[in-house]
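Below is one structure, written out as structure tokens, with a few remarks after it.
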Amino acid sequence: ARHLGISDRVEGTGAVDDDAWWAWMDRADLAVQLREQSSGEISAAVLDAMSAGVPVVTNLPSAADYPPGTVALLPGGPGAPPDPGEVAGEVDRLLSDPASRHGLSEAGRRYAASHQMSDLARAEGDALRRLPDSVAKAFGGRDVSRLRLPEDLGGRGIDPQTQFDLIEEISSYDGSAGWSYAISSAS
């Protein structure tokens with residue numbers, strides 16, 4: 001930003017909590033997501049920006065699979081650092097063209113509405129016909145089987161209503177995950 005003379009218009013925040021993240025999404029004219037390396041993963045940050053109606057400029061290889069017009073996809077590929085001139089040119093083009101920004105915003109919002117992480121995790125579980133490894137690891141890492149265990153025995157000591165609410169919330173995202181949580185938390 002300093003090299004391009006726009007440091008007064010760019011702010012790096014580092015990690016932020018959810019409230020701050022969505023406050024930034026509300027303020028943003030444009031989101032830029034760049035990667036020097038990628039394993040083909042999708043980006044929750046890109047999907048969040050798209051769902052908030054914030055146009056996205058990215059070099060993320062998986063974005064090449066998005067429908068045309070949903071993101072501004074920069075050239076390059078895995079392992080190729082983004083060219084600063086191309087990034088600046090695309091940012092400048094979009095900031096000076098409200099119609100293009102609006103088109104990306106609307107197309108991105110429509111696409112993101114059906115491609116949130118919960119939808120993708122559900123599809124992964126359906127394809128695998130089991131709980132995805134990422135969900136199983138999250139349950140294990142949070143030691144959900146010990147939530148009802150009294151605190152003096154190393155658990156969290158939650159009450160039955162809170163446990164039921166957790167089962168209901170998890171199940172609203174994915175029934176299989178909710179069932180798995182219910183079984184693991186009752187044993």
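Here the structure is a predicted model, which means the values were calculated and not measured. Numbering of residues begins at 1 and proceeds along the displayed sequence.
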Report the distance from atom [atom1] of [X] to atom [atom2] of [Y], rounding to the nearest 0.5 Å.
| X | Y | atom1 | atom2 | answer |
| --- | --- | --- | --- | --- |
| R93 | E86 | CZ | CD | 13.0 Å |
| R110 | S51 | CZ | OG | 14.0 Å |
| D159 | R148 | CG | CZ | 8.0 Å |
| L73 | E90 | CG | CD | 9.5 Å |

Any link between [X] and [Y] through a network of hydrophobic side chains (Ile, Leu, Val, Met, Phe, Trp, Tyr) touching at under 4.5 Å?
| X | Y | answer |
| --- | --- | --- |
| L30 | L104 | yes |
| V87 | L95 | yes |
| I167 | I170 | yes |
| V54 | W22 | yes |

* Asked: L74 and L34: side-chain contact (heavy atoms from CB on, under 4.5 Å), yes or no, with the steps?
  -> CA-CA 9 Å; L74 298 167; L34 303 175; 3.7 Å; yes

* To do: Under the side-chain contact (heavy atoms from CB on, under 4.5 Å) rule, what do L60 and V71 come out as? Steps first, then yes or no, please.
  => CA-CA 10 Å; L60 197 62; V71 298; over 6 Å; no

* If you count the non-hydrogen atoms of other residues, nucleotides and ligands that lie under 6.0 Å from CZ in R156, is the total more than 12? ->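 No, the 6.0 Å shell around CZ holds no more than 12 heavy atoms from other groups.
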
* **Exceeds 12 heavy-atom contacts within 6.0 angstrom, atom CH2 of W179** => no

* Structure fact -> Taking every heavy atom of A20 against every heavy atom of V16, the minimum-distance pair comes out as CB-CB, 3.8 Å

* **Minimum-distance pair of heavy atoms, taken over all atoms of M50 and A112** =>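 Reported closest heavy-atom pair: CB-CB, 3.7 Å.
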
* Compare all side-chain heavy atoms of H102 with those of P55 and state whether any distance is below 4.5 angstrom. =>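 Of all side-chain heavy-atom pairs linking P55 with H102, none is under 4.5 Å.
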
* **Side-chain heavy-atom pair R101, D97 within 4.5 angstrom cut-off** => no

* **N/O donor-acceptor pair under 3.5 Å between S100 side chain and L94 backbone** =>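 The answer is no, because no donor-acceptor pair under 3.5 Å joins these two groups.
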
* Given side-chain contact (heavy atoms from CB on, under 4.5 Å), test Y66 with V46 step by step and report yes or no. => CA-CA 11 Å; Y66 296 173; V46 168; 4.0 Å; yes

